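Throughout, protein chains are lettered first and strands after them, A, B, ... in sequence-line order, and every chain is numbered starting at 1. Here the structure is a predicted model, which is why all the values come from computation and not from measurement.
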Number of protein chains: 2
Amino acid sequence: MKPTTQDVANKAGVSTATVSRTFAHPDKVLQETREKVMTAAQELGFTISRSASALKSQQSFRIAVLISEPVATWFNSHICGALNDVLQPEGYDICTYYIPDVTNRRQLFEEIPLRHNVDAVVVSSFGVDVMEIEDLRRLDIPLIGINVPVTQGFSATIGIDEYASMRLVVKHLHDLGHHRVCFVCSELKHAPLPYSADLRSDAFLRACHDVGESIEPLLIHVPREVDEPENYAISQLLTCSPRPTAVCCLSDGMAIPLLFKLMRSGIKVPQDMSLVGFDDSTYAKQFNLTTVHQEVDFLGAEAGRLVLDLIRGQQPEVQNRVLDTYLALRASTAPLS
Amino acid sequence: MKPTTQDVANKAGVSTATVSRTFAHPDKVLQETREKVMTAAQELGFTISRSASALKSQQSFRIAVLISEPVATWFNSHICGALNDVLQPEGYDICTYYIPDVTNRRQLFEEIPLRHNVDAVVVSSFGVDVMEIEDLRRLDIPLIGINVPVTQGFSATIGIDEYASMRLVVKHLHDLGHHRVCFVCSELKHAPLPYSADLRSDAFLRACHDVGESIEPLLIHVPREVDEPENYAISQLLTCSPRPTAVCCLSDGMAIPLLFKLMRSGIKVPQDMSLVGFDDSTYAKQFNLTTVHQEVDFLGAEAGRLVLDLIRGQQPEVQNRVLDTYLALRASTAPLS
DNA sequence: CTGAAAGCGCTTACAG
DNA sequence: CTGAAAGCGCTTACAG
């Protein structure tokens with residue numbers, strides 16, 4: 001009942017080879033023949049079987065995306081959406097593998113049946129250690145990193161520059177006359193991975209140092225197990241003496257609730273305290289939050305194009321590409337009064 | 001170089017049939033044999049080829065998820081994540097197809113190579129018209145609806161009851177003594193589909209009607225093309241005379257920015273105006289927003305289980321399942337003062 | 001440009 | 001419980 005290349009071939013009066021070519025390499029088929037085949041295919045409601053194509057052509061048409069936080073997260077959902085937008089039209093499925101735990105992660109890497117079942121692996125926004133990279137490289141397929149802290153071992157990477165980004169923030173606050181600047185570093189509950197948070201707080205400290213003596217950096221580190229990180233942070237902030245006049249957050253996900261809680265506690269933003277986020281994610285604009293904008297959809301789309309290039313055996317123009325971020329200047333920061 | 005069932009069979013001293021069975025139906029293989037096979041497989045780094053399994057067993061191990069808004073949306077990202085969590089361990093990939101336009105949507109339905117390339121189709125949160133349902137039914141695979149306004153034609157559906165949910169909201173505001181209650185209905189820019197928004201505002205009106213004469217419903221309809229819906233809504237609200245004392249929003253995505261803007265414009269929530277959202281999505285809790293809570297992860301997971309049941313030929317216990325929602329009572333609503 | 005033919009790596013009904 | 005064997009539906013190198 002289900003039509004095959006054979007059925008189409010019969011109907012169009014050609015061989016199955018020609019039917020196959022019509023779909024896979026239309027340019028290798030005479031236009032006239034192509035039209036006969038397409039007509040026959042349409043009438044039969046024929047579509048190429050992915051499994052058969054895959055088996056024969058030794059591709060799986062699947063791309064694994066490794067994530068360490070749930071998909072239902074601002075960053076990951078945008079990355080996965082953008083990857084899908086680029087890869088689906090080219091015939092590739094994206095398959096997300098959520099690997100929350102760092103502890104037995106290497107074991108998980110082995111359990112995921114990646115071997116010969118995916119055409120490329122994308123690592124989204126977490127650090128992969130040397131051993132793990134080796135495991136992945138043994139698959140002998142392209143390995144693409146998005147916002148990975150260490151680029152070594154990857155076929156190609158793309159991401160933002162944490163340090164340059166934090167420097168934008170620190171510079172801005174410095175220009176506004178702030179001296180006591182605090183960084184709120186809240187580790188995501190679901191991302192118990194060593195790098196990203198540390199990386200950004202390090203970047204903050206380095207940026208403060210580089211901007212000059214006049215900045216007195218402060219760090220608030222919200223433990224992972226805390227239920228209401230913004231309340232924890234605010235308590236810490238209010239007990240600082242002297243109180244910082246500007247606060248940077250690891251992400252908008254921290255900054256936005258903090259903004260709300262500060263308003264509630266009578267601390268005016270930006271009059272009493274300047275506040276800066278990171279990501280320019282949901283609501284940042286509506287809440288007038290000054291934040292670091294990262295072009296996450298473009299990041300995902302370009303990563304998708306890297307995947308395609310590498311699968312097709314083309315070396316990408318830039319192996320480790322760095323995307324610019326910019327400071328979205330809004331009303332949550334103001335000169336020190 | 002790539003190990004096949006044949007290689008494993010040779011190494012383990014069994015037939016390929018036994019290797020295959022060890023992976024597909026371990027219970028049909030003697031434990032001793034199973035162990036031999038697994039050892040050989042491990043040593044060779046063997047994994048079953050999905051394409052070959054798929055081709056031979058006439059399954060595709062792919063589930064299409066049709067969405068009308070981007071994945072990078074609160075609802076869709078949670079649904080896709082939950083579906084993946086349930087279906088991936090069972091060997092199924094979920095493939096999201098984003099169908100934004102209602103205009104040539106039917107054509108798109110035909111272009112998506114679903115035929116024989118997916119084992120089930122999930123429609124997430126949009127209305128599918130009669131013709132489209134027919135197209136999908138012709139695929140002759142399970143058709144599952146999540147929060148679909150019309151359940152007819154689906155193999156099974158699961159979702160919340162819009163009317164019951166809005167009734168919770170209206171009842172609550174009524175109990176608090178509010179009479180002039182406004183519903184802000186902002187159509188999502190990316191979801192130019194007829195149903196969901198209309199459905200909920202209808203539900204609101206019906207709920208108002210049913211709760212009694214004393215409620216005077218008001219509707220603000222934010223046009224799709226408006227750039228800053230919350231500003232549009234607030235302008236409309238402030239020009240109402242007499243001004244409504246309570247506002248319900250189509251979703252938290254509207255309510256949360258509105259809450260912020262109201263605070264900014266000196267209108268105190270809840271003292272001057274009560275505010276209710278819908279979804280209980282990101283930040284709703286942190287912002288003390290009274291809202292309708294829908295258990296979106298559970299919804300997605302249960303939909304995944306429906307998919308599995310139907311693929312396996314089992315009729316689900318309930319064909320059209322309705323999940324309860326509840327009113328998350330928080331500080332954005334208060335008695336009329 | 002097109003066709004005949006081999007074969008990708010599994011699965012499963014059948015026989016033992 | 002296990003094996004021999006057929007075949008799922010394509011693709012592609014080769015020949016014409």
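A:Q88 places a side-chain N or O within donor-acceptor distance of the main-chain N or O of B:T96, the cut-off being under 3.5 Å. When atom types are taken as modelled, the side chain of B:S53 and the backbone of B:S49 share a donor-acceptor pair closer than 3.5 angstrom. Judged by distance alone, with hydrogens and angles left aside, the side-chain atoms of B:R321 form no donor-acceptor pair with the main-chain N or O of B:T157 at under 3.5 Å. B:S155 places a side-chain N or O within donor-acceptor distance of the main-chain N or O of B:L143, the cut-off being under 3.5 Å. For the pair B:R34 (side chain) and B:P26 (backbone), a donor-acceptor distance under 3.5 Å is present. Judged by distance alone, with hydrogens and angles left aside, the side-chain atoms of B:N117 form a donor-acceptor pair with the main-chain N or O of A:I48 at under 3.5 Å. Proximity of a side-chain donor or acceptor of B:D119 to a complementary backbone N or O of B:I311 within less than 3.5 Å is not detected.
One can place CZ of B:R34 at 10 Å from P of D:dC1, the figure rounded to the nearest angstrom. When the P atom of C:dG3 is taken as reference, atom NZ of A:K28 falls 16 Å away, rounded to whole Å. Across the protein-nucleic acid pair, B:Q6 atom CD and C:dT11 atom P stand 14 Å apart, rounded to whole Å. Counting to the nearest Å, the P atom of D:dT11 and the CZ atom of A:F23 are 10 Å from each other. The distance from atom CG of B:N10 to atom P of C:dC10 is 13 Å, rounded to the nearest whole Å.
A:R50 meets the side chain to side chain donor-acceptor pair (under 3.5 Å) test with A:D93; sequence neighbours excluded. Every residue two or more places apart in sequence or in another chain that forms a salt bridge (charged side-chain N to carboxylate O under 4.0 Å, His left out) with B:E132 is listed here: B:R105. Considering only residues two or more places apart in sequence or on other chains, A:N76 meets the side chain to side chain contact (heavy atoms under 4.5 Å, CB included) condition with A:I67, A:E69, A:T73, A:S124.
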Between protein and nucleotides 13-16 of chain D, what N or O pairs are separated by less than 3.5 Å?
from	atom 1	to	atom 2	distance (Å)
D:dA13	N6	A:R21	NH2	3.0

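No contact: B:V19 has no heavy atom under 4.0 Å from any strand. Within the 4.0 angstrom heavy-atom criterion, only backbone atoms of the sugar-phosphate kind lie near B:T4; the bases stay farther away.
Between A:F23 and A:T47 there is no side-chain heavy-atom pair separated by less than 4.5 Å.
Nucleotides C:dA5 and C:dC1 place their P atoms 23 Å apart, quoted to the nearest Å.
Both key distances under 3.5 Å define a Watson-Crick or G-U pair, and stretches of 3 or more such consecutive pairs in DNA chain C run C:1-3 with D:14-16, C:5-12 with D:5-12, C:14-16 with D:1-3.
The side chain of B:T33 has D:dC1 as its nearest neighbour among D:dC1, D:dC10, C:dT2.
Side-chain nitrogen and oxygen atoms of A:H25 include none within less than 4.0 Å of the OP1 or OP2 phosphate oxygen of C:dC1. For A:T16, no side-chain nitrogen or oxygen approaches OP1 or OP2 of D:dC10 to under 4.0 Å. Within the 4.0 Å cut-off from OP1 or OP2 of D:dC10, at least one side-chain nitrogen or oxygen of A:T5 is found.
Shown for residues 42-64 of chain B: residues whose heavy atoms fall under 4.0 angstrom of DNA chain D, namely B:L55, B:K56, B:Q58.
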Could you go through A:R312 and A:E90, starting from their C-alpha distance and side-chain angles, then the distance that decides it, and tell me whether this counts as salt bridge (charged side-chain N to carboxylate O under 4.0 Å, His left out)? CA-CA 12 Å; A:R312 290 163 181 170; A:E90 301 295 320; 2.7 Å; yes
